[in-house]
Amino acid sequence: MKMLTAIIKPFKLDEVREAIMNAGIAGVTVSEVKGFGRQKGHTELYRGAEYQVDFLPKVKLEIAIKKEDVDRLVEAISAAANTGKVGDGKIFIQPLEQVVRIRTGELDEEAL
Amino acid sequence: MKMLTAIIKPFKLDEVREAIMNAGIAGVTVSEVKGFGRQKGHTELYRGAEYQVDFLPKVKLEIAIKKEDVDRLVEAISAAANTGKVGDGKIFIQPLEQVVRIRTGELDEEAL
Amino acid sequence: MKMLTAIIKPFKLDEVREAIMNAGIAGVTVSEVKGFGRQKGHTELYRGAEYQVDFLPKVKLEIAIKKEDVDRLVEAISAAANTGKVGDGKIFIQPLEQVVRIRTGELDEEAL
Amino acid sequence: MENTVTELRFALDTFYFLISGVLVMWMAAGFAMLEAGLVRSKNTTEILTKNIVLYAIACTMFLLVGYNIMYVDNSAGGWLPSFGSLIGIQAEGADHSLESDFFFQVVFVATAMSIVSGAVAERMKLWAFLIFSVFLTGFIYPMEGYWTWGGGFLAEAGFSDFAGSGIVHMAGAAAALAAVILLGARKGKFGKNGAVHPIPGSNMPLATLGTLILWMGWFGFNGGSQLALSNAENASAVGLIFVNTNAAAATGAIAALIVSKLKWGKADLTMILNGALAGLVAITADPLSPTPLFAAGIGAVAGIIVIYSILTFDKLKLDDPVGALSVHGVCGLFGLLVVPLNNEGASFASQLYGAAVIFGFVFVASWIVWSVIKVTMGVRVSAEEEETGMDLHDCGVEAYPEFTAR
Amino acid sequence: MENTVTELRFALDTFYFLISGVLVMWMAAGFAMLEAGLVRSKNTTEILTKNIVLYAIACTMFLLVGYNIMYVDNSAGGWLPSFGSLIGIQAEGADHSLESDFFFQVVFVATAMSIVSGAVAERMKLWAFLIFSVFLTGFIYPMEGYWTWGGGFLAEAGFSDFAGSGIVHMAGAAAALAAVILLGARKGKFGKNGAVHPIPGSNMPLATLGTLILWMGWFGFNGGSQLALSNAENASAVGLIFVNTNAAAATGAIAALIVSKLKWGKADLTMILNGALAGLVAITADPLSPTPLFAAGIGAVAGIIVIYSILTFDKLKLDDPVGALSVHGVCGLFGLLVVPLNNEGASFASQLYGAAVIFGFVFVASWIVWSVIKVTMGVRVSAEEEETGMDLHDCGVEAYPEFTAR
Amino acid sequence: MENTVTELRFALDTFYFLISGVLVMWMAAGFAMLEAGLVRSKNTTEILTKNIVLYAIACTMFLLVGYNIMYVDNSAGGWLPSFGSLIGIQAEGADHSLESDFFFQVVFVATAMSIVSGAVAERMKLWAFLIFSVFLTGFIYPMEGYWTWGGGFLAEAGFSDFAGSGIVHMAGAAAALAAVILLGARKGKFGKNGAVHPIPGSNMPLATLGTLILWMGWFGFNGGSQLALSNAENASAVGLIFVNTNAAAATGAIAALIVSKLKWGKADLTMILNGALAGLVAITADPLSPTPLFAAGIGAVAGIIVIYSILTFDKLKLDDPVGALSVHGVCGLFGLLVVPLNNEGASFASQLYGAAVIFGFVFVASWIVWSVIKVTMGVRVSAEEEETGMDLHDCGVEAYPEFTAR
Ligand SMILES: Nc1ncnc2c1ncn2[C@@H]1O[C@H](COP(=O)(O)OP(=O)(O)O)[C@@H](O)[C@H]1O
Ligand SMILES: Nc1ncnc2c1ncn2[C@@H]1O[C@H](COP(=O)(O)OP(=O)(O)O)[C@@H](O)[C@H]1O
Ligand SMILES: Nc1ncnc2c1ncn2[C@@H]1O[C@H](COP(=O)(O)OP(=O)(O)O)[C@@H](O)[C@H]1O
């Protein structure tokens, strides 16, 4: 199993969620994050002093999936989250050794 | 070492935290997330238009532990977080290669 | 590649971000978390009842990097985040198998 | 010319009633903000809904039946009011317009009802609350109000309650107490062995704003209760009432601050807010007879009482998220009982009698209404709704609905 | 002595104007809070900026030209106002100070303009809005205001609009409607097949506070529009106006609650808030002639209308984040049309005529101004700015700028 | 009959004082909200506590000693006040009730003190602040107030300050300046090489609400300072004061908007808010003599001054989170100095003299008190408390205590 983490632009969340569902994946955990990267931040103004805000709002999705679903899902997310502009985000794939469904105690692929 | 990530229902946080402490684990990092899964969301109403909210509030706990503590901790969390109703959440276990305690520079199991 | 996760004190964020940039790393994802550990919480008071708040505000940084950058970055973060007081936080290092840049489809080290 | 002057007096007194009424109406916003600040955000939309709708219901019911019950064509010294039509008709030679009087009175009813919403917050069904508010504002309050302000038997008995420490505030608290007992505490408030687990409200700026709105509105509440302004005596009286009202609130806040600092080493903001309100409630029974210094003393004592009262209700496991029972009930009673110290027209016995009658009647009548509601439709939301928050269930939208995890 | 009394009447009426004006000025805060609560947090600083600056512009423009256009030296029954200098000079033997009248009138203009900001929220350029506000408050509103309140041809035609259901509220809505059409809907509001995707506002306590502020301010709005208080007849009239205004708001809220409960099973808070405002707008056309019961009826009907109107605008894909078109436009018209039921001086025909003239003129004039702005500087922010939020682009700081992810 | 009329005038003037006082009291909420909005959320509970308690202390101290020092039995033209008992006794043949005068004056004191809390926000110990407020409101302010308004030597010297640009606002700023210097800047505000790191406040809607509350309250502040209303001349004066006050605030906001747009390309909301307040402070020195157009001019200039003043204080590394030194100090001085342009009774020299005396006295007296506090209990919280926020340390509860990560 793999743990797939995607960082995307916030306003793309709905489209990405649909893409994930259409790919037949049943669960996602989402959080709000701030991202810093190639996309440049913006200058804010407060009481006459300008300052640079480098952290931009992003949304992080964590999705535990079977190994064989990885490619399909990466494609689906990439397609849905792409705007072609810098800052579209990344997908990270990490090993996942075990999954437990708390309610039933089911394990691993059964628990996804 | 392993990194254990648990997604639970928010109101279970206190009980789960106690269970973790009782299992002799000394540290946890917690964040608020929204979860999407088998548990269905709810219909909200705003200015006469109903809409479906699929993301439900969940709490995510990240716990770095020794390999030999995994089973004990999974059991403790499962027991504390279980309500028997859909949406109780999951536990994910991932490999953890190295830990550093920033304050002292201690490494790995010493740093937990 | 590795995924490096650092938990630090919130007011150290700016310094740590600079340290990361100076180490030549181009991207970071940041989130607000609450931490529980050796550092003790504080007693709050509400309407005449005191209560213990164990979760302290922390900031979590997630940084995907090349294997060879790990040591350098750990050192840079440790130096910047260190106050010498309990609660300075930890750095966790986990395996990272694949990275995709959504905008271009670039993979792995190219995508960092 | 004489006529012009008489009419001018009529106009000034009418204006004074109306402006006082606007200030009291504004207290509806004060209660709404105070309560919105002191509940958790998952119950905030619901408490806002309760507050605005209860004001609307109070105004409507008091127009339809309440004012009539309380003031129109009643016999002096009686127990039972007469029933006539709506708000009656302007008397010949009245000092001010009937409608301005009605307006001033109607906003009082809403105040009484607002007291209840805070005490039952975070667990009472929206519709149970709204149905109760029909009864309190249409019948229970007007009935007991008639006994004193409408010239009924309590007035005759020498009971003295200038602006309503008892008739409005303690009455509201009595209705709230019945509900608090029937409802039970919020889940998680009380632990084993008498442990009290505080459930912090979500928004301190709103709670503070609400308190300052109430403080402002109280000048209308007490100042308007002189019921006339247009000659030197009355105007001077109103001036003194303003000064005393302000002084009692100020010392109430300071006293609560000091007790809080001495007891816990910290300035417990919501206790200070309650201290100010406690001073206001206590002085309301007679803001005219004391000197400003004495008024300051009354406020200070009320500011101390309110803290110990809140702690005591917690010990009794009576869960009151905003402290309404202590602020309006206990300090309302305290206010009534200190009247004789400054006002020769009142006696300790008559004050006690009046307080007992009002409390007893409102408590029992409310208990009956709440009980009927409990048996028929239920008063308490389900455990699951309480957990998820009442906003989603009753109102459909959260108070701060943006994605930010709650 | 006679002189003293005359001056005293002058003083009381002046004071009455000023206090009424303060209450209406306070409505600026009401609109600001209501709108801040009903937009997303990424557009909140910008809507706050619009609200405070529009008030400032309205006050300045009405001083420079507006009051002159509307009231000074105009011919009776005319179409075109005369032009003179500023606010004119106090007439001999006036009943109240000219400045107090100006103050009362100037805050009305701001109200008309405040209506627009809500309807165009979350997508209109700050500066396009501010430039339009110069025209509306300096020229368009004063012009149509002159036709009735300044003694122009609509007054002559028997059109009756006591406190401005049409002249202020529907006029504001007409200007807003032109903008809403030219602007288009917010991105994401309307889906395929007529789907409506609600875009919840960010802060329900602010929206509720705003509504209660407006409710409070309305006593000045309607109560002050009697324009005199200092004899028994006028004072009684003002008293009745207060009661009717309050009754209509209360039943508006209750009616909206009931419709919401019946239709969707829930208490839709922002609909209830709109219901209260709908009742207020509707009674504004004539808060003096109806009995309180009838006023309550008008409010209730308005509370029902407003919900169906909001749903209809959604169907028409006219995006109005706060419901301003329905509350001020539709219920303003409704208010005008029910005047003849209680007021013999008004006829259905003249009301319709007046409504059509005001709506037509303001809509067309606004359309022209908006169009010129659209062609020259543009009215709508870029798609990207809309996405990121207008706060960063127009104002530079977010409403809640702390690190906490938005 | 003559008596009735005299009493009626007495009643109207008393009422006018009381209502004006209520509006000024309401400014306490304005300062509380403005400051709560402009500090970080970790210091919000504490600033709320400071604001409500300082109001309470001001009211109590002014009752106990302040009013007596300032107004009772003093010799004309003197330096030192006499000491008597409390607020004195109503004079024979007074125009209005003594208590109404006291009430109006007491709320002014609170305003002066409110100015301080904003400037020292986010780093001054709660109790150091509260102890200072005892001295400012009980002694320092009443002393310098006596010199002009109590008939002391500044009044004799021809110093003219109608409603307190100097006596209230600049005085408050002088006390604040002493504290700002002694305290030092917030950690992180100033970087190397004169870099200014803005520390955005946490809640723009609250800051805007606070400003609009202050704007509203200012009608009482300036309008009530005419001190009489009940004849045509006074009533007309009050009317003009309202118009001028409103005009200056409006143009202050607009001017700040324009400067902000020209300088930075954006509409800096908190600068606009400060601009409105700057206009209000500046017109306060004489809201009666200028024409409305001239008042608008004064407001506009103040709106420009305030921006450059804020930038200058930043350059001087004097850290003032809310801009109180600029709004109340610099614009208060500006207001004093333009009085002679419209008011023949005032001369530039006497204005300068009065300003210097007030500023000098309040600054030095405050410096002494602050210094004693600094030496004995300390004025500044520890670096660690500053980091964690003052709410936890001083008050025990955060402003928004729900789990949501701060
Ligand atoms: N090395 C990294 N580690 C963790 N997160 C990263 C890394 N690089 C980028 N990110 C995340 O991805 C987001 C987008 O990255 P950015 O470099 O701005 O644009 P792009 O994805 O187009 O290359 C960042 O805001 C950050 O949240
Ligand atoms: N494949 C997944 N990857 C990541 N998180 C998941 C996944 N499936 C479920 N979750 C998380 O677990 C929560 C509970 O899952 P759900 O399917 O609703 O119920 P259950 O845990 O009872 O199976 C979800 O809200 C989501 O946060
Ligand atoms: N075993 C762990 N797993 C996950 N997070 C941890 C763990 N131990 C500590 N943390 C995180 O690190 C933070 C600091 O840890 P703490 O034990 O308080 O101090 P120190 O880092 O000095 O040892 C905690 O608040 C928590 O967020």
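In the text below, chain A, chain B and the rest are named by the order of the sequence lines, each starting its count at 1.
Between A/Asp54 and C/Arg17, the closest side-chain pair of non-hydrogen atoms falls below 4.5 Å. You'll find the side chain of A/Ile91 stays beyond 4.5 Å of the side chain of C/Val99, heavy atoms only. By the 4.5 Å heavy-atom criterion applied to side chains, A/Phe55 and C/Leu13 are counted as neighbours. Here the side chains of A/Lys2 and C/Gln98 are not in contact, with every heavy-atom distance at 4.5 Å or above. Between A/Val86 and C/Arg103, the closest side-chain pair of non-hydrogen atoms falls below 4.5 Å.
Contact annotation for A/Lys85: only backbone heavy atoms (N, CA, C, O) come within less than 4.5 Å of a heavy atom of chain C. With a threshold of 4.5 angstrom between heavy atoms, C/Glu62 approaches chain A through side-chain atoms but not through N, CA, C or O. Residue C/Met1: no heavy atom, backbone or side chain, is found under 4.5 Å from chain A. Looking at A/Ile8, only its side chain comes within 4.5 Å of chain C, counting heavy atoms on both sides.
Note that NZ of A/Lys58 is 9.0 Å distant from OG1 of C/Thr29, once rounded to the nearest 0.5 Å. For the atom pair C/Glu32 CD and A/Ser31 OG, the distance stands at 11.5 Å (nearest 0.5 Å).
A donor-acceptor contact shorter than 3.5 Å links the side chain of A/Asn82 to the backbone of C/Ile102. A donor-acceptor pair under 3.5 Å is absent between the side-chain atoms of A/Gln94 and the main chain of C/Glu97, judged by distance alone.
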Practice item. Please assess C/Met3 against A/Phe92 for the test side chain to side chain contact (heavy atoms under 4.5 Å, CB included), listing each intermediate value before the final yes or no. Key: CA-CA 9 Å; C/Met3 177 62 83; A/Phe92 303 118; 3.6 Å; yes

